[in-house]
Chemist: 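Dropping the structure in here first, questions after.
Hydrogens, waters and symmetry mates play no part in the numbers below; they use all other heavy atoms, side chains included. Residue indices begin at 1 and follow the sequence shown.
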Amino acid sequence: MGPARRGSSVLSSFVVRRRGCARLAVTLLVPGLLAAGALAGAGAAAAEENPQLPGGATATLGGLETYGQAVVREDGVEREVPAGLFEMSVDGGGMLKTYCIDIDSPTQQDARYRETSWSATSLSANKQAGKIRWILQNSYPQVNDLAELARKAGAAGLTEADAAAGTQVAIWRHSDGVDVSALDPQAERLADYLQKKARNMREPKASLTLDPPAVSGRAGERVGPVTVHTDARSVAVNPPADAAASGVKVVGEDGRPLTSAADGSELYFDLPKGGAGKAALTVQASTSVPVGRAFVSETRSQTQILAGSSESTVSATATVNWAEKGAIPALSAEPDCAAGGLDITAVNQGDREFTFSLMGFEHTIAAGEARTVTIPLQEDQAYDFTITGPNGFAERFKGVLDCRTEASGAAAGNDIAPQSAPSPATAGGTTTHDLAETGSSNATPMIAGVAVGFLVLGGVVVFLLRKKGGAAESGE
């Protein structure tokens with residue numbers, strides 16, 4: 001057996017080969033059932049909860065709408081792939097146009113995507129990421145004067161398909177570091193021009209986030225602040241759905257109820273006296289999502305990067321947990337590609353310690369303390385789990401760790417053999433359509449057993465624990 005595909009580890013594994021492409025499927029199981037307060041599978045109760053997600057736009061992938069052809073050369077073999085613009089429909093209204101990164105990964109028709117920071121994608125360690133944003137800002141569709149774009153590129157002329165193909169090829173050269181060229185000579189001239197002229201730009205800010213996404217406190221207190229970060233002029237503040245019954249109010253620093261906010265606004269939860277509970281507020285706005293924002297899927301569909309946006313609906317949610325006494329936790333999670341895992345930040349605003357278990361390892365958060373636990377995950381690994389606590393507290397986290405491109409995995413010595421031509425791919429029971437396939441390989445088999453827990457070979461797992469830092473989202 002050859003080397004395992006990207007991110008091989010001590011975890012038990014087996015290689016599945018289809019259409020000449022090596023793939024790794026991993027099954028992870030719990031070494032034993034964990035008690036309350038433990039990391040557990042998404043069971044019946046947890047399945048009823050919505051997983052905690054970062055704010056911004058969420059959308060459904062359509063297919064390649066404007067595209068040409070490109071040729072990829074690797075190990076003396078040439079293969080032809082479609083290259084161009086995808087379209088996504090935004091939840092709540094709006095349309096997005098995107099290019100893809102990670103040329104060898106598949107796309108899935110109707111895959112669900114969410115906006116995220118570069119740090120949660122393969123762009124996190126890519127020194128050329130800023131140049132990709134420059135290309136997006138200075139080419140089609142942001143620049144729709146094709147005659148002027150052709151003049152700058154030294155091309156005889158450009159159709160929309162040529163412009164899309166040339167732009168995608170230039171992006172792949174920076175995102176994947178592959179030897180790729182546009183099949184059409186005019187599109188190739190555009191790709192060369194964009195690659196040569198590209199300059200590093202900073203990551204764009206998120207369309208809408210709340211920081212932190214989870215807080216906690218004692219009953220009867222005012223808890224916060226939760227800060228709004230957005231490029232929208234204003235956002236609507238929707239109080240908790242059960243606010244009338246629970247008595248929770250969303251207020252400003254002056255204690256007055258809020259129905260709208262803006263970038264930099266600080267929101268507080270005015271908690272009722274007595275008892276314990278959990279509530280969530282949602283903020284929503286209509287805005288154009290900044291060009292260069294990354295979009296990832298929970299089903300291992302190819303990472304996308306935004307090339308254009310209509311006025312679109314964006315939203316973010318923050319939760320609050322309260323009690324009169326005892327441990328009062330707040331939990332949030334964020335993929336950490338630099339650490340190769342998922343960072344779970346636990347804050348305890350109670351008067352007793354909060355203890356929870358991860359993969360059989362117990363962690364204790366003292367009263368008034370914040371601590372981050374990094375769960376090591378394999379590349380392409382799906383996760384879906386719930387952490388529980390006192391008074392019925394539960395927080396669910398779901399996603400896929402997608403931190404590397406296929407090309408970077410191959411460069412690390414993994415035995416990935418791309419197909420000679422695009423073909424439908426499957427993952428999680430969903431079949432793609434050829435038109436939506438810019439990658440060349442079938443999807444990684446979905447990792448089974450994650451909803452039940454994790455099995456670690458020899459029972460050895462190393463967790464990285466650190467005090468909560470104040471670092472903001474990259475580009476904020």
Side-chain angles (χ1 to χ4, degrees), residues 59 61-72 79-90 94-107 109 111 113 128 131-176 178-198 288-295 301-310 405 421-422 432-440:
L61 184 70
L64 272 172
E65 296 296 326
T66 308
Y67 65 100
Q69 298 295 316
V71 177
V72 182
R79 54 192 171 94
E80 190 173 315
V81 295
L85 275 172
F86 289 87
E87 279 196 359
M88 285 199 254
S89 56
V90 180
M95 295 296 296
L96 306 177
K97 291 184 180 294
T98 61
Y99 290 105
C100 67
I101 56 179
D102 196 355
I103 190 172
D104 285 320
S105 287
T107 53
Q109 188 82 12
Y113 278 79
Q128 308 300 314
K131 292 183 178 181
I132 296 173
R133 187 186 178 194
W134 186 97
I135 291 169
L136 294 165
Q137 294 278 22
N138 290 275
S139 191
Y140 182 77
Q142 288 299 302
V143 177
N144 56 18
D145 185 342
L146 297 183
E148 177 62 15
L149 191 59
R151 185 192 66 79
K152 290 181 177 179
L158 290 170
T159 65
E160 289 183 343
D162 294 337
T167 305
Q168 177 66 90
V169 166
I171 289 171
W172 277 333
R173 290 173 182 174
H174 289 299
S175 65
D176 294 69
V178 292
D179 181 1
V180 58
S181 59
L183 194 62
D184 182 87
Q186 311 312 319
E188 175 63 10
R189 288 188 178 92
L190 176 62
D192 289 342
Y193 162 77
L194 294 171
Q195 181 184 15
K196 180 180 179 181
K197 290 292 185 179
S288 294
V289 182
V291 170
R293 290 294 291 171
F295 281 79
S301 186
Q302 193 172 49
T303 302
Q304 304 282 312
I305 191 162
L306 189 68
S309 168
S310 70
T405 64
T432 65
H433 297 266
D434 288 342
L435 185 60
E437 180 93 30
T438 61
S440 65

Chemist: Any side-chain heavy atom of V169 sitting closer than 4.5 Å to one from L194?
Modeler: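 Of all side-chain heavy-atom pairs linking L194 with V169, none is under 4.5 Å.
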Chemist: Without swapping roles, check the side chain of Q142 against the backbone of A307 for a donor-acceptor pair under 3.5 Å.
Modeler: yes
Chemist: I'd like to know whether V180 forms a side-chain contact (heavy atoms from CB on, under 4.5 Å) with R173, so could you lay out the CA-CA distance, the side-chain angles of the two residues, the decisive distance to 0.1 Å, and finally the verdict.
Modeler: CA-CA 7 Å; V180 58; R173 290 173 182 174; 3.8 Å; yes
Chemist: Measure the spacing between CG of L190 and CD of Q168 and express it to the nearest 0.5 Å.
Modeler: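 Going from CG on L190 over to CD on Q168, the span is 12.0 Å.
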Chemist: Which heavy atom of A198 sits nearest a heavy atom of I135, and at what distance?
Modeler: CB-CG1, 4.0 Å
Chemist: If you measure from CG on L158 to OG on S139, what distance do you get to the nearest 0.5 Å?
Modeler: 8.5 Å
Chemist: Does any N or O in the side chain of Q302 come within less than 3.5 Å of the main-chain N or O of D102, such that one atom is a donor and the other an acceptor?
Modeler: yes
Chemist: Closer than 4.0 angstrom, basic N to acidic O: yes or no for D104 and R79?
Modeler: yes
Chemist: I'd like to check E160 versus L146 (side-chain heavy atoms, cut-off strictly below 4.5 Å). Are they in contact?
Modeler: yes
Chemist: Can you tell me if Q109 uses its side chain to pair, donor with acceptor, with the backbone of G62 under 3.5 Å?
Modeler: yes
Chemist: Which value, rounded to the nearest 0.5 Å, describes the distance between M88 atom CE and S309 atom OG?
Modeler: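 Reported to 0.5 Å precision, the distance equals 10.5 Å.
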Chemist: Return the CD1 to OG1 distance between I305 and T98, rounded to the nearest 0.5 Å.
Modeler: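 Spacing of CD1 (I305) from OG1 (T98) equals 9.5 Å.
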Chemist: Indicate yes or no: at least one non-hydrogen side-chain atom of Q69 is less than 4.5 angstrom from one of P82.
Modeler: yes
Chemist: Any idea which heavy atoms bring E188 and A182 closest together, and the distance?
Modeler: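 The pair with the smallest heavy-atom distance is OE1-N, 2.8 Å.
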Chemist: Ignoring hydrogens, what is the shortest heavy-atom contact between L149 and Y140? Give both atom names and the distance.
Modeler: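 Heavy atoms only, the tightest pair is CD2-N, 4.1 Å.
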Chemist: Indicate the atoms forming the closest heavy-atom contact of C100 with Q304, along with that distance.
Modeler: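 Heavy atoms only, the tightest pair is CB-NE2, 3.6 Å.
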Chemist: Given side chains that start at C-beta, do those of W134 and K197 come closer than 4.5 Å, heavy atoms only?
Modeler: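 In short, these two side chains touch, coming nearer than 4.5 Å.
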Chemist: Within this structure, what is the NZ-CD1 distance for the pair K131 and I171, rounded to the nearest 0.5 Å?
Modeler: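 Going from the NZ atom of K131 to the CD1 atom of I171 covers 14.5 Å.
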Chemist: To the nearest 0.5 angstrom, please state how far the CG atom of L64 sits from the OH atom of Y99.
Modeler: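 Going from CG on L64 over to OH on Y99, the span is 10.5 Å.
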Chemist: Shortest non-hydrogen contact from F295 to T303?
Modeler: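 Taking F295 first and T303 second, the nearest heavy atoms are O-CG2, 3.5 Å.
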Chemist: Report yes or no: does D162 contribute a side-chain atom to a donor-acceptor pair with the main-chain N or O of Q186 at less than 3.5 Å?
Modeler: no
Chemist: For side-chain contact (heavy atoms from CB on, under 4.5 Å), just list the numbers for M95 and S89, CA-CA rounded to whole Å, side-chain angles, deciding distance to a tenth of an Å, and then say yes or no.
Modeler: CA-CA 5 Å; M95 295 296 296; S89 56; 3.9 Å; yes
Chemist: Restricting to non-hydrogen atoms, name the atom on V90 and the atom on A59 that form the minimum distance, rounded to 0.1 Å.
Modeler: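 Heavy atoms only, the tightest pair is CA-CB, 3.9 Å.
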